[in-house]
Structures are given as C-alpha cells and as structure tokens.
**Q** 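Below: one structure in structure tokens.
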Number of protein chains: 2
Amino acid sequence: MTATRPKHKEVLDGIVETIIYLYTESRRLTKERARDFGLTGPQLAVIKMLDQLGSLSLSSLSERIRAQNSTVTGIVDRMVREELVLRERSEHDRRIVLIRLTPKGQKLARQIPVEPMEIFRQSLASLPRKDAEELFRVLDSVQARVRLAIDEREREVREEPWT
Amino acid sequence: MTATRPKHKEVLDGIVETIIYLYTESRRLTKERARDFGLTGPQLAVIKMLDQLGSLSLSSLSERIRAQNSTVTGIVDRMVREELVLRERSEHDRRIVLIRLTPKGQKLARQIPVEPMEIFRQSLASLPRKDAEELFRVLDSVQARVRLAIDEREREVREEPWT
DNA sequence: TGCGAATATTTCGCATACGAAATAACCGTG
DNA sequence: CACGGTTATTTCGTATGCGAAATATTCGCA
C-alpha cells in the first residue's frame, strides 16, 4: 500500500462530483458547438436522432432524448418554424404525429460532426481499454442498484397513495 | 492497425448512457422529494448549501450549484418571496449580495433528510469498497482528459476570435 | 484626485423542462 | 353502433437555465 488511502466518504463524494462535472460540462460544450450552426442543444440531439432513425413519433422521440412529451412539443414547434423538421399525422393511427427531417434539416444533420456529449465520448475513447471496461462494469452495477431503489420507492408510493 | 474488438464501441456508448441515466434519474428523484416539502430541486440545493456554509455571496452560491449568476438571481428572487432566504448587501463591498437562510428556511433545511443526488449516493455507498475506489480512479482520469480537451479548445478560440 | 478598467449583480429575451389538465383518436365490450 | 376507458399529443402555468447587455460599485494608477 504505497499511496495514502483516501477516506471512503471522500471517494464517494468525489465520484458524485465527477459525474456531475462530466455531465454538465459535456452538455455545455455540445450546446456551444450546436450554437455555431444556429441550433440549441436539444435541437442538435433531435436532428441527429432523426438522421439516424428516420421519422419518429413524438413520444418515441421524447423517450430517446429523455424529455417529457410536453417539452418536445415545444422543441418541435420551434424546429418546424425554422423549417428543420416536419410534422405529419400517421395514416394508421391519427393520434400519432410523425416527425421527420426536411431537406434543410437533413443537410444540417450530416454537416455537423458533433455527437451529443462528444467531448466525454472522445475522452473515454482515449482511456486504456481495460479501464473503460472496468468503468463500464462498475457503473452498470451502480445503475442496477439505482433501478432497484427506484422500483422499491415506487412500490411504496403505490401501496400508500393516500398519505 | 489492429482489428478493433467489436465490443469496444458498445462499452463506450454504454458508459455514456449509464452516466446520463444516473445523472438524470437522481436529479428527477431529488426534485420529486423536494416537492413533498414545497421546494424545487435547485431550491433544495440552495438551502442545503446555505445550511452547511452560512451566508454566501450570490456568485459563490451559483458557482457551488453550477449555475449562472443570472439563473441564481431568479431562484433567489422566488426564495425571498417564499421567505426562505434573505438578501443583504455586504458592508465591505457594496456590490456583493449575501444570501442567508431565514429561520423558516433554516428549519426546513434541517427537516429535510435528502441530499441532492441522494439515491445515487446511497447506491454508491452499497458498492464494494474496492469497486468504488476503482470507479473513482478511472472517472478522475476521464475528468482530467475532459479538462485538457476543454483547455485546448479554449486556447484555440482565444487565438482566432475573428474567424 | 479622477477616471477608465474590472468585478458583482440584475435585467431581458429566449429556450428548455416539467406536471396537470385538455383534446383528439383509438379500442374493446356490450 | 355506442360509449367508457386508454393512448398520443397539445396547452397552460411556472421554474429553471443561459448569454448579452445594463447597472452599480470598487480598484488601479496616472
């Protein structure tokens, strides 16, 4: 044991801090890059998603960019205004709205080289492969624990909705 | 030119996905809990911070909760309206606004058992200690890489601000 | 001393972001 | 067919969240 072993609480706080840093900074930078092309962060996410997957219903789109439907309605409104995407009603189920890129949106999507969270991705790619795999393994186990805690909490809420 | 193991990209994508999941879900849950006490997420962060550190200037407060001054001005406005905090001008430097808890805010801060990102913290705490340390080590190295990339990018921008 | 640069905060306009309620369309069962 | 429950989306009100410009104050230095 050569290096002084850090206190456990400090390690945990450090992990939380670092995750917050990585998330917020990557997001900020992506937003900045998007702005060079006249887009906002979420707008970049949307055109990249649509370019990859073709047309999507509003709800599957909002699921993929992790936002509520009501949020995405607004984002799409502004993108329609900018002529980046189109709204079209599905033939089979007229409740569903399909969003797809206009030629202008398509062109822009392919022109912008940045993926969401790009800097984070690149930094990960430069890690030793072994470290990346280890990181993935541990993070995955944390995620499983969080999911469990969430399920538990939701079960509690469901069982006592009156209190 | 080595034959890339097909798994590697998936590992990287998985890491990004998981980080996004952990951050957004923890945030969502904290917000939900705060709502039980009539607070928003950022408001909870603010009273916890002030309870720990005493009065803070607006800019040091915004630095700590990772938001812009202009954002925190609004948050504090609404908290003053709710009589959770006070604004007072510093004696020594009248540009500085010091924010501190009212008794009502103080009481609420001590009454709420939740820290920001609570679920994430708890899940981390249940990890094997060795895994936590490994996680910290690798994340820290990712963070260092991100910082480096950001510095580099900012240097470029500073050198060619006219293009 | 005085004045221009620097610093701290606020204001403004806009874009998320969310949850609850409203709206529209579908579905199954009677 | 009709109608009650479900599903997809939008609307509404409010709270972040940001960057640029405005405002207020302090500081450096000639």
Side-chain angles (χ1 to χ4, degrees), chain A residues 20 23-25 27-47 55-82 84-99 116 157, chain B residues 20 23-25 27-36 38-46 55-82 84-99 116 157:
Chain A
I20 293 175
Y23 181 88
T24 55
E25 281 305 287
R27 212 148 178 273
R28 187 177 64 77
L29 287 184
T30 301
K31 184 182 180 178
E32 223 171 68
R33 287 294 274 142
R35 212 159 59 107
D36 297 343
F37 294 88
L39 297 178
T40 65
Q43 286 173 0
L44 174 58
V46 167
I47 67 172
S55 69
L56 286 175
S57 74
L58 187 122
S59 27
S60 61
L61 184 56
S62 47
E63 197 176 317
R64 276 166 218 269
I65 69 171
R66 268 173 208 284
Q68 299 298 315
N69 288 343
S70 51
T71 302
V72 179
T73 294
I75 293 170
V76 169
D77 281 349
R78 288 176 290 273
M79 293 180 76
V80 168
R81 197 184 61 201
E82 302 292 328
L84 296 168
V85 300
L86 296 174
R87 265 193 178 94
E88 36 192 22
R89 224 76 211 190
S90 158
E91 302 279 315
H92 306 298
D93 184 340
R94 300 178 40 70
R95 290 170 302 179
I96 295 178
V97 171
L98 294 173
I99 321 289
V157 172
Chain B
I20 293 175
Y23 181 89
T24 56
E25 281 305 287
R27 212 147 178 272
R28 188 177 64 77
L29 286 183
T30 302
K31 182 182 183 180
E32 224 170 67
R33 288 293 274 142
R35 212 159 61 106
D36 297 343
L39 297 178
T40 64
Q43 286 173 359
L44 174 58
V46 167
S55 70
L56 286 175
S57 74
L58 186 122
S59 26
S60 61
L61 183 58
S62 49
E63 196 176 316
R64 275 167 219 272
I65 69 170
R66 266 170 209 286
Q68 299 299 313
N69 289 342
S70 53
T71 301
V72 178
T73 293
I75 294 171
V76 170
D77 281 349
R78 288 176 291 271
M79 293 181 77
V80 167
R81 197 183 62 200
E82 302 290 331
L84 296 168
V85 300
L86 296 175
R87 264 194 180 96
E88 36 192 22
R89 222 80 210 187
S90 159
E91 302 278 316
H92 305 297
D93 185 339
R94 300 179 41 69
R95 289 171 301 180
I96 295 178
V97 170
L98 294 172
I99 321 289
V157 172

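Every chain is numbered from 1, with letters handed out A, B, ... down the list of sequences. Every value quoted in this text rests on a predicted model; they were computed, and no experiment measured them.
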**Q** Specify the closest pair of heavy atoms between L44(B) and L39(B), including all atoms of both residues, with the distance to one decimal.
**A**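 Minimum heavy-atom separation between L44(B) and L39(B): CA-CD1, 4.2 Å.
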**Q** Take atom CD of E32(B) and atom P of dA17(C), then tell me their distance rounded to the nearest Å.
**A**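 Checked: the CD to P distance equals 18 Å.
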**Q** Between P on dC18(C) and CD on Q43(B), what's the gap in Å once rounded to a whole number?
**A** 17 Å
**Q** Between dA15(D), dT10(D), dT11(C), spot the one nearest the side chain of S70(B), thanks.
**A** dT11(C)
**Q** Let's test your reading of the pairing rules: Watson-Crick or G-U wobble, both distances under 3.5 Å, then write DNA chain C as a dot-bracket string with ( ), [ ], | and dots.
**A** ||||||||||||||||||||||||||||||
**Q** Main chain of R95(B), side chain of R89(B): is a donor-acceptor contact present, judged purely on distance under 3.5 Å?
**A** yes
**Q** From the list dT10(D), dA8(D), dA17(C), which nucleotide is the closest neighbour of the side chain of T73(A)?
**A** dT10(D)
**Q** Between R94(B) and R87(A), name the one whose nearest nucleotide on DNA chain D is closer to the 5' end.
**A** R87(A)
**Q** What is the distance, rounded to the nearest whole Å, between atom CD1 of I96(A) and atom P of dT7(D)?
**A** 13 Å
**Q** Among dC18(D), dT9(D), dT9(C), which is the nearest nucleotide to the side chain of Q68(B)?
**A** dC18(D)
**Q** Picking from dA15(C), dC18(C), dC18(D), which would you name as closest to the side chain of T71(B)?
**A**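 So the side chain of T71(B) is nearest to dC18(D).
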**Q** Hey, which sits more toward the 5' end of DNA chain C by its nearest nucleotide, G74(B) or R66(A)?
**A** G74(B)
**Q** Is there a donor-acceptor pair under 3.5 Å between the side chain of T71(B) and the backbone N or O of A67(B)?
**A** no
**Q** Verify side-chain contact (heavy atoms from CB on, under 4.5 Å) between T40(B) and K31(B), making sure each step is shown before the conclusion.
**A** CA-CA 6 Å; T40(B) 64; K31(B) 182 182 183 180; over 6 Å; no
**Q** For the side chain of R78(A), starting at C-beta, report the closest nucleotide among dC18(C), dA15(C), dT9(D).
**A**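 Selected nucleotide: dA15(C).
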**Q** Send over the distance from D77(A) CG to dA15(C) P, rounded to a whole Å.
**A**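 After rounding, the reported distance stands at 11 Å.
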**Q** Could you check how far CD1 of I75(A) sits from P of dT16(D), rounded to whole Å?
**A**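 It is 19 Å, rounded to the nearest whole Å.
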**Q** Starting from P on dC27(D), measure out to NE2 on H92(B) and report it in whole angstrom.
**A** 12 Å
**Q** Output the rounded distance in Å from CZ (R28(B)) to P (dC18(C)).
**A**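 R28(B) atom CZ is separated from dC18(C) atom P by 10 Å.
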**Q** Using whole Å, report how far CZ of R95(A) lies from C1' of dT9(D).
**A** 10 Å
**Q** Counting side-chain heavy atoms from CB outward, which of dG17(D), dT10(C), dT11(D) is closest to V97(B)?
**A** dT10(C)
**Q** Does R81(A) make a side-chain N or O approach to OP1 or OP2 of dA15(C) shorter than 4.0 Å?
**A**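 So the side-chain polar atoms of R81(A) do come within 4.0 Å of the phosphate oxygens OP1 or OP2 of dA15(C), strictly under.
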**Q** 5'-most contact on DNA chain D: E91(B) or R35(A), nearest heavy atom basis?
**A**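 Comparing both residues, the 5'-ward one is R35(A).
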**Q** Would you indicate what D93(A) reaches in the nucleic acid, counting non-hydrogen atoms under 4.0 angstrom: base, sugar-phosphate, or nothing?
**A** sugar-phosphate
**Q** Does the distance from a Lys or Arg side-chain N to an Asp or Glu carboxylate O, for D77(B) and R87(B), drop under 4.0 Å?
**A**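 Looking at D77(B) and R87(B), the cut-off is met.
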**Q** Starting at CD1 of I99(A), measure out to CG of L86(A) and round the result to the nearest 0.5 Å.
**A** 9.0 Å
**Q** Taking the side chain as everything from C-beta on, heavy atoms only, tell me whether V46(A) gets closer than 4.5 Å to L61(A).
**A** yes
**Q** Checking S60(A) side chain against L56(A) main chain: does a donor-acceptor pair fall under 3.5 Å?
**A** no
